[in-house]
Amino acid sequence: MSLDRCHNIERLRAKAKRRLPAPIFHYLDGGADDEVTLRRNTDAFNDYELVPNLLRDTSNIDTKTKALGVELDWPVFLSPTGMSKLFHHTGERAAARAAHKAGTLYSLSTMATTTIEDVAAETPGPKMFQIYVYKDRGLTKEFIARCKAAKYDAICVTIDVPVPGNRERDLVTGMTMPPTFSLASLFSFATHPVWSLNALRNPSFDLVNMSQHESLSLKDKQISPVQYLASQIDSGMTWKDAEWMAQEWGGRFLIKGVHSAHDAKKAVEIGAHGVMVSNHGGRQLDGVQACIDALPPIVDAVGGELDIILDGGIRRGTHVIKALALGATACSIGRSYVYGLGAGGQAGVEKALHILRSEIERSMALLGVTKISEITREMVVRRGT
Ligand SMILES: Cc1cc2nc3c(=O)[nH]c(=O)nc-3n(C[C@H](O)[C@H](O)[C@H](O)COP(=O)(O)O)c2cc1C
């Protein structure tokens, strides 16, 4: 199937599935435990129904908005996702270029396979860096200094990984970082020769933002993603540390992984500029609420005090419209764009962004609104009420 025939995100997912060796695809696609939260993140959007107001002039649709202090051409940006070179050898550079071309923000992960500086050099578009707090606290200070020097627009700290989630698909497929051609996975790599040849020609799967710290690098290691995180992440991190980070950075600062009004209020208290209502795409604690269900109480508690980003489960433009109607400032996507990366590198990410943006534009016209600010609470009702 060519990219032209990928008419929606699900078809991009199907194309990525065909192109990627099984351990890589399932690392991307999977979630924790029974994947209940992973499924609910998307399914729960169906519990909210849209209410159009029609016979309005919708000949000019304007999707521009502002979030994290930057102007965006439309209200969706790219969430941080680690190890992008696993999905296509052009990795983070391709995704950052596609985001810039589509007029939106790119987020780079601590676990990236491209450096903070190389992504900054690749595109002048808006950028955020995501921090996992490692046991070596000096590293956080170093990341913040490098983001200042490379003029990143924002930093977010991910708080929902005190320990890694239980990703059972990785155990079944034998997924390791860097990928290993073990007996268990050999068949899958052998039957995906294009991916495997590119991987052999461009074998740079290291976590390059830490490569000068030998113990943190993946060089000469073969370890599962979960084992790596478990060995490095500081589960002693508290709100005091987040407050210190906000002050040390001094710029736009977000807390990623907020599930409750309680934690959203804490984010306001420590001076954060935004929260990402997120459960890590169902990859951490299985059984937590879908992001769209967690959103309304958070909007009631802190709406207007900071930016509220809905991050989880978005596969359709109508999902974005529902989140905005319930009070989100903007949305961010993980798998939707990474499926595109796996399906066709930069062109695949561009395709994913194009699909979602056109779905948003069409849905706005069908809803009877021409601007993002016209999408209001009355335009969505909970099913059955
Ligand atoms: C392959 C993959 C890698 C990810 N890596 C990170 C990461 O390094 N840091 C982080 O904060 N979140 C990470 N996430 C979570 C995303 O930032 C985001 O919260 C999640 O994907 C949103 O759900 P969605 O995939 O349904 O859009 C990752 C998600 C995926 C699918």
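In listed order, ligands and their atoms are each counted from 1. Because the structure is predicted, anything quoted here is derived from the model rather than measured.
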Whether the [X] and [Y] side chains hold a donor-acceptor pair (N or O, under 3.5 Å, no angle test) is what I'd like checked.
X: Asn279; Y: Thr37; result: no
X: Ser59; Y: Asp57; result: yes
X: Glu359; Y: Thr318; result: no
X: Glu374; Y: Thr370; result: yes
X: Gln130; Y: Thr158; result: yes

Out of all atoms in ligand 1, which are within 4.0 Å of some heavy atom of [X]? Include the element for each.
X: Ser109; value: 7 (C), 8 (O)
X: Arg335; value: 23 (O), 24 (P), 25 (O), 26 (O), 27 (O), 31 (C)
X: Ser278; value: 19 (O)
X: Asp311; value: 18 (C), 19 (O), 22 (C)

Report summary line: Sorted by chain and residue number, the side-chain hydrogen bond (donor to acceptor under 3.5 Å, both in side chains) partners of Arg13 (sequence neighbours excluded) come out as Glu10, Asp29
Tell me whether [X] has any N or O atom under 3.5 angstrom from an N or O of ligand 1.
X: Ser332; answer: no
X: Tyr27; answer: no
X: Gly312; answer: no
X: Arg315; answer: yes
X: Thr81; answer: no
X: Gly334; answer: yes
X: Thr158; answer: yes
X: Ile314; answer: no
X: His280; answer: yes

Protein contact to [atom] [nearest heavy atom, distance to 0.1 Å]:
atom: atom 7 (C) of ligand 1; value: Tyr132 OH, 3.2 Å
atom: atom 14 (N) of ligand 1; value: Pro80 O, 3.4 Å
atom: atom 5 (N) of ligand 1; value: Gly82 N, 3.0 Å
atom: atom 23 (O) of ligand 1; value: Gly281 CA, 3.3 Å

Just wondering, do [Y] and [X] contact through their side chains at under 4.5 Å, heavy atoms?
X: Leu68; Y: His273; value: no
X: Tyr152; Y: Phe143; value: no
X: Gln346; Y: His88; value: no

Requested in this report: Show your reasoning for whether ring-ring contact (aromatic ring centres under 6.0 Å, His included) applies to Phe189 and Trp195.
Outcome: CA-CA 8 Å; Phe189 288 110; Trp195 183 93; 5.4 Å; yes
Query raised in the report: Which of the listed options, Cys156, Ser84, Gly313, holds the heavy atom that is closest to atom 26 (O) of ligand 1?
Result: Gly313
contact_flag [X] ligand 1 heavy-atom lt 4.0 Å:
X: Leu28; result: yes
X: Val338; result: no
X: Met83; result: no

Query raised in the report: Taking the six-membered ring for Trp, are Tyr337 and Tyr106 parallel (under 30°), tilted (30 to 60°) or perpendicular (over 60°)?
Result: perpendicular
Requested in this report: Kindly confirm or rule out a cation-pi arrangement of Arg383 over Tyr48, judged by NZ or CZ under 6.0 Å from the six-membered ring centre and within 45° of its axis?
Outcome: no
Report task. Please answer: with hydrophobic residues joined when any side-chain heavy atoms are less than 4.5 Å apart, are Met276 and Phe253 in the same cluster? Result -> no
Query raised in the report: Is it the side chain, the backbone, both or neither of Arg283 that has a heavy atom closer than 4.0 Å to ligand 1?
Result: side chain
